[in-house]
Amino acid sequence: MSASNATAVCSLPIEGMSCASCVTRVEKALAAVPGVRQASVNLATEAASVQAEAPVPLQALRAAVQRAGYRVSEQVVRLRVEGMTCASCSARVERVLSRQPGVISASVNLATEQAEVVLAAREPDVAALVAVVERAGYKAFPVQEDDAGAAARRPAAGADARPVIAALALALPLALPMVGLLWGAHWMLPGWLQWLLATPVQFVLGARFYRAGWKALRAGSGNMDLLVALGTSAAYGLSVYLLLTGGMHLYFEASAVVIALVLLGKWLEARSKRQTTAAIRALQALRPESARVRREDGSEQELPLAQVRSGDLVVVRPGERIAVDGEIVEGASQVDESLITGESLPVAKQPGDRVTGGAVNAEGRLLVRATTVGAESTLARIVRLVESAQAAKAPIQRLVDRVSAVFVPVVLGLSLLTLLGWGLVTQDWERAILNAVAVLVIACPCALGLATPAALMAGTGVAARHGILIKDAEALEVAHALAVVAFDKTGTLTQGRPDLLACEPVPGGDADALLALAAALQAHSEHPLAHAVQVAAAQRGLRPAEAAGLRAVAGRGMEARVDGRELRLGSARWMSELGVDLAPLAARQQQLQDEGRTVSWLAEVRDGRARLLGLLAFGDALKPSAGRAVERLRAMGVWTVLVSGDNAGSAGAVGRALSLDDVRAEVLPQDKASIVAGLRARGRVGMVGDGINDAPALAAADVGIAMGTGTDVAMHAAGVTLMRGDPALVADAVDISRRTYSKIRQNLFWAFVYNLVGLPLAAFGLLDPVIAGAAMAFSSVSVVANALTLRRWRPGR
């Protein structure tokens with residue numbers, strides 16, 4: 001519901017309703033929102049009509065629907081906005097978009113020149129949004145889903161160097177005489193020649209400032225262009241007046257050089273901003289333009305990627321990029337996924353393994369069955385995720401927005417006071433005008449507007465390049481202050497599959513012989529423990545004999561004949577039923593069980609008696625980088641805790657092995673969220689998990705961190721996704737967050753200090769307009785350049 005609506009009535013599309021009771025629940029939830037007079041829901045159209053005495057924020061209505069257990073149908077529209085030059089411009093575009101009916105939120109990023117609008121609608125009216133932006137004085141174009149990264153590839157506004165070169169060439173003869181005066185040289189040009197050089201700079205090359213300033217005035221606000229236009233026009237007009245009246249001192253160099261320096265600054269700024277989008281361009285470049293598809297008759301056909309469909313067989317030759325997400329059906333190779341997952345080494349792939357579009361096939365020829373294509377492919381989703389994070393607005397940006405909203409009017413008022421103060425006190429109106437011009441020129445809100453988004457773009461971009469996908473700016477900002485990181489165990493700190501961790505024969509026995517017999521019994525089983533035995537035997541180079549009479553005994557284990565020996569492999573309970581004496585390995589069994597291991601026993605039946613051969617212990621092995629991850633977090637001052645549903649023995653063993661600060665075991669999935677809430681007593685909490693059962697805890701944490709090797713549910717609930725199942729990336733995510741937030745603070749500090757120092761100097765006549773123009777240009781470039789130093793960040797080793 002827009003604040004600008006004359007009648008406080010709106011329609012909300014609702015998802016998830018299935019019966020009359022759903023309708024009643026939604027109506028009650030909406031009616032409970034303060035200010036709502038009446039709410040009615042139509043099950044057939046799946047829409048709610050809300051009437052209120054005064055406009056009610058759509059965010060409040062959406063929250064009410066969500067509390068009732070349903071969803072408001074939302075659509076995200078991205079617009080490319082051209083013509084914005086400073087924070088005041090982006091704030092104005094955001095303001096006019098937010099006032100449109102059905103708009104839940106609007107966020108405009110000055111650095112990417114994009115607007116992201118969230119609407120409560122099934123079919124948003126994009127043309128209306130474009131029109132309202134154009135009425136505000138800017139150009140807008142919708143960004144299509146299949147044009148992901150287009151804004152990054154398109155040359156940035158102001159990237160054309162020709163106007164800059166022309167302006168500098170015309171302004172240089174005006175500025176050189178000022179330099180010559182330092183050495184006593186008199187190179188001053190005749191007045192008419194100064195006018196001839198300055199006029200095209202002022203009204204041709206500087207026309208963009210007049211156009212943008214006029215649009216801002218028509219919209220009832222101000223921006224950087226207005227300040228430059230007013231300041232240079234005052235200097236140019238004063239010079240023309242003095243030229244016509246025979247004045248000795250002209251100030252054409254002030255207007256021309258200021259415009260030239262501002263154009264130079266905007267050009268450098270555009271080049272720097274383009275570098276902040278390098279991550280999206282690199283990701284976008286991974287997608288091939290076409291794919292080689294094998295038809296039913298065995299022929300191969302080169303098709304544009306848009307024509308490839310799920311189920312098609314795609315041929316990938318050595319050295320080519322894989323065009324689609326899919327599953328290998330033929331061939332084996334090493335695949336380089338470094339630009340997608342951040343994994344530095346190629347990964348071995350064989351039939352049955354999944355591959356990601358954009359990865360490089362290093363060696364063998366592969367035949368891949370396409371499973372996901374187009375906008376839903378992994379690469380397309382990654383690009384959208386990075387774009388969304390870069391388009392989003394960090395909480396700290398709200399301060400900048402509030403300052404920018406009043407900045408230009410304050411500067412205009414200060415410039416007027418400077419003019420009147422100097423003119424009335426000293427009666428030197430020439431000096432008064434120049435000082436007022438310096439105030440207008442020095443006060444550029446560009447640096448303020450770029451400080452936060454430039455750092456966010458650089459930080460999220462370099463993180464994505466190393467396998468850390470940050471879903472939104474708020475997650476990046478909050479992660480820097482994490483005091484606690486809670487880990488799930490299975491699949492997060494551990495491999496998520498059982499491994500054979502111990503193979504213990506009875507005293508005097510042979511471990512390899514024991515493993516070979518066990519592998520023979522398990523040769524045809526699909527059980528995870530059987531697979532662990534087979535893998536261990538293969539790693540030791542053992543070749544198990546063929547088992548005969550293989551039979552599964554329900555609830556007990558396996559029995560078979562191997563090399564004429566009657567063998568039984570199973571639980572301690574079965575061994576007791578067979579009369580096997582477990583005493584020789586009882587102490588070892590207890591030790592392994594205390595560590596949370598699963599123990600199986602192997603026995604031989606001979607002459608009607610069963611005797612023990614040994615035991616096998618299974619467990620979920622720790623990931624190689626888990627210890628390093630915890631160590632780095634503790635070095636950062638982060639308190640680490642394990643929150644696991646496993647038994648106390650297994651969880652405690654992991655906690656001791658990794659030196660975790662706390663262990664919470666036997667936690668039910670529904671209780672994980674409450675434990676995360678309780679951990680907030682120590683500060684902000686990050687939760688790391690990979691399963692469906694972790695989703696509530698990920699959502700409850702200040703920052704949810706999901707392993708990309710886990711479930712989609714976990715990744716949707718998290719603010720950060722790690723493209724590799726590597727716990728070390730958790731510490732890297734915290735590190736890049738801290739560095740990015742540090743850059744944001746540095747940028748904002750210098751942007752504020754620049755204006756706090758520059759404005760008084762200009763007002764007191766201590767700053768020449770030319771120096772003010774150079775300082776203004778330098779401020780914007782320096783802020784972006786400082787943010788770009790984040791591109792040198794590398795994950796910790």
Side-chain angles (χ1 to χ4, degrees), residues 389 392 394-397 452 455-456 459-460 462-464 466-489 492-493 623 625-644 655 658-664 667 672-690 694-708 710 714-715 717-745 790 793 795-796:
I396 197 172
Q397 183 71 15
T452 300
L456 285 174
T460 54
V462 73
H466 294 287
I468 303 168
L469 294 183
I470 299 167
K471 188 180 295 184
D472 55 58
E474 186 170 358
L476 183 73
E477 183 173 327
V478 172
H480 89 278
L482 287 182
V484 180
V485 169
F487 289 94
D488 173 53
K489 182 177 80 69
T492 301
L493 293 174
K623 291 182 177 179
S625 62
R628 186 171 70 251
V630 173
E631 182 181 345
R632 285 186 60 206
L633 286 170
R634 295 183 68 185
M636 293 177 179
V638 177
W639 203 70
T640 55
V641 57
L642 180 67
V643 182
S644 174
L658 298 178
S659 300
L660 292 165
D661 295 303
D662 191 12
V663 174
R664 309 286 179 92
V667 180
K672 284 188 175 182
S674 60
I675 286 180
V676 167
L679 291 171
R680 283 206 178 93
R682 289 183 168 270
R684 288 183 170 175
V685 180
M687 175 69 197
V688 188
D690 73 328
D694 298 320
L698 290 169
D702 293 291
V703 179
I705 304 174
M707 295 288 184
M715 286 184 277
V720 178
T721 298
L722 310 178
M723 293 303 293
R724 307 192 304 276
D726 184 355
L729 288 179
V730 177
D732 292 329
V734 175
D735 183 44
I736 186 59
S737 173
R738 290 184 175 184
R739 292 175 186 269
T740 302
Y741 193 70
S742 176
K743 290 297 179 186
I744 291 173
R745 287 187 297 183
L790 285 169
W793 177 83

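Just so we're clear, the structure is a prediction, and the values are computed from it rather than from any experiment. What you see below is based on every heavy atom in this structure, not just the backbone, and it leaves out hydrogens, waters and symmetry mates.
The heavy-atom pair separating Ile470 from Ala463 by the smallest distance is CD1-CB, 4.0 Å. Of all the heavy atoms in Ala728 and Ser625, the pair that sits closest is N-OG, 3.8 Å. Here the closest non-hydrogen pair linking Val484 and Arg682 is CG2-CB, 3.6 Å. Residues Ala455 and Lys743 come closest through the heavy atom pair CB-CB, 4.1 Å. Pairing each heavy atom of Met707 with each of Val688, the nearest pair is CE-CG1, 4.1 Å. Of all non-hydrogen atoms in Gly683 and Ala483, the two that sit nearest each other are CA-CB, 4.0 Å.
At least one side-chain heavy atom of Trp793 sits under 4.5 Å from a side-chain heavy atom of His466. Looking at Arg632 and Val638, their side chains never come closer than 4.5 Å, going by heavy atoms from C-beta outward. Here the side chains of Arg664 and Val641 are in contact, with some heavy-atom distance below 4.5 Å.
Expressed to the nearest 0.5 Å, how far CG of Leu633 lies from CG of Leu658 amounts to 11.0 Å. The CD atom of Glu631 lies 11.0 Å from the OG1 atom of Thr640; values are rounded to the nearest 0.5 Å. Note that the CG atom of Asp702 and the CE atom of Met687 stand 13.0 Å from one another [nearest 0.5 Å]. Rounded to the nearest 0.5 angstrom, Asp735 CG and Asp732 CG are separated by 6.5 Å.
Aromatic ring orientation, Tyr741 versus His480: parallel (interplanar angle below 30°, classes split at 30° and 60°).
Using modelled atom types, no side-chain atom of Ser742 and backbone atom of Arg738 make a donor-acceptor pair closer than 3.5 Å. Judged purely by atom type and a 3.5 angstrom limit, Lys623 has no side-chain atom pairing as donor or acceptor with the backbone of Pro727.
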(request) Show your reasoning for whether side-chain contact (heavy atoms from CB on, under 4.5 Å) applies to Ile468 and Met723. (result) CA-CA 6 Å; Ile468 303 168; Met723 293 303 293; over 6 Å; no

(message) Set out, in order, the CA-CA distance, both residues' side-chain angles and the distance that settles side-chain contact (heavy atoms from CB on, under 4.5 Å) for Arg739 and Leu790, then state yes or no.
(response) CA-CA 8 Å; Arg739 292 175 186 269; Leu790 285 169; 3.9 Å; yes

(request) Begin with the C-alpha distance, continue with both residues' side-chain angles, and end with the deciding distance and a verdict on side-chain contact (heavy atoms from CB on, under 4.5 Å) for Val485 and Val730. (result) CA-CA 9 Å; Val485 169; Val730 177; 4.2 Å; yes

(request) Could you go through the side-chain contact (heavy atoms from CB on, under 4.5 Å) check for Ile736 and Val462 one step at a time? (result) CA-CA 9 Å; Ile736 186 59; Val462 73; 3.7 Å; yes

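Remark: of the listed residues Leu476, Leu482, Val720, Leu476 is the sole one forming a side chain to side chain contact (heavy atoms under 4.5 Å, CB included) with Ser737. Remark: of the listed residues Asp661, Leu493, Val630, Asp488, Leu493 is the sole one forming a side chain to side chain contact (heavy atoms under 4.5 Å, CB included) with Leu642.
Trp639 and Asp662 share no side-chain donor-acceptor pair at under 3.5 Å.
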